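Worksheet: the structure to be examined is printed underneath.
Below, chain A is the first sequence line, B the second, and so on; all start at residue 1. Because the structure is a prediction, the values reported are computed rather than measured.
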Amino acid sequence: KAGVTQTPRYLIKTRGQQVTLSCSPISGHRSVSWYQQTPGQGLQFLFEYFSETQRNKGNFPGRFSGRQFSNSRSEMNVSTLELGDSALYLCASSVEQGYEQYFGPGTRLTVT
Amino acid sequence: DAKTTQPPSMDCAEGRAANLPCNHSTISGNEYVYWYRQIHSQGPQYIIHGLKNNETNEMASLIITEDRKSSTLILPHATLRDTAVYYCIVRVEDSWGKLQFGAGTQVVVTP
């Protein structure tokens, strides 16, 4: 069974731009979570989607948003990029809410 | 939310068992203990989880104390590929999907 896939793997953007990251969960998984990882803050929870609905949200500004489609694929969007948004963005999927999460390889975003 | 405490780093000789401790003294009765690891520049990898009984799978064993205030992850025969940051996480009650990662333990397996 294929793992969690994330596209693109690497991305360079300019401050002020917006970016959309994509995540395809493991087949059959209905819950998708997003995390941000930086050297200074470590791994931080962004949000979780289940059945196309946002179930949980971390402490991030409104510039960070996401959505989930009927096939469980998910996208996250960051608008008005700041230098501090440079990070590894990780997507994780699980069969249902509450089960173990399986992570993708991440998207490395660099904001210049 | 229950917090976890792990040593920042530990070394282990290849072929020997690695015992990774974790303290979670404020854990609630229905909170699970999860272990993940992250090899450099990769996404975290699920290892094992448990509530109160000891658990074992093909990767590791998880020993939870009777009072549930601490646990130990055991890698029975460490290999160089087990070098990673290991995270002990207590799953937040009422926020099923949310994992709160701490700083973890940097494990270095040496030949």
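Residue A/Asn59 qualifies as open at atom CG: its count of foreign heavy atoms under 6.0 Å is 12 or below. Heavy atoms from other residues, nucleotides or ligands lying under 6.0 Å from CZ of B/Arg16 number 12 at most. Annotation for B/Ile39: atom CD1 counts as buried by contact number, over 12 foreign heavy atoms lying within 6.0 Å. For B/Lys52, the NZ atom counts as loosely surrounded, since its 6.0 Å shell holds 12 or fewer non-hydrogen atoms of other residues, nucleotides or ligands.
Annotation: maximal heavy-atom pairing with chain A below 4.5 Å, among B/Ala103, B/Gly43, B/Pro44, occurs at B/Pro44.
Considering all non-hydrogen atoms of both residues, B/Leu99 and A/Tyr35 come closest at N-OH, 3.1 Å. Closest approach of B/Tyr34 and A/Tyr99 over heavy atoms only: OH-C, 4.2 Å.
Pairs passing the ring pair (Phe, Tyr, Trp, His ring centres under 6.0 Å) check and including a residue from residues 55-91 of chain A, sequence neighbours excluded, read A/Phe60-A/Phe64.
Note on A/Leu109: it does not cluster hydrophobically with A/Phe45, by side-chain heavy-atom contacts below 4.5 Å among ILVMFWY residues.
Only the side chain of A/Leu90 comes within contact range of chain B, judged by heavy atoms closer than 4.5 Å.
Between A/Phe103 and B/Tyr36, the ring center distance clears the sub-6.0 Å criterion.
Summarising the geometry, atom CD belonging to A/Glu100 is positioned 9.0 Å from atom CZ belonging to B/Arg91; distances are rounded to the nearest 0.5 Å.
B/Gln38 and A/Gln37 share a donor-acceptor pair across their side chains, judged by distance under 3.5 Å alone.
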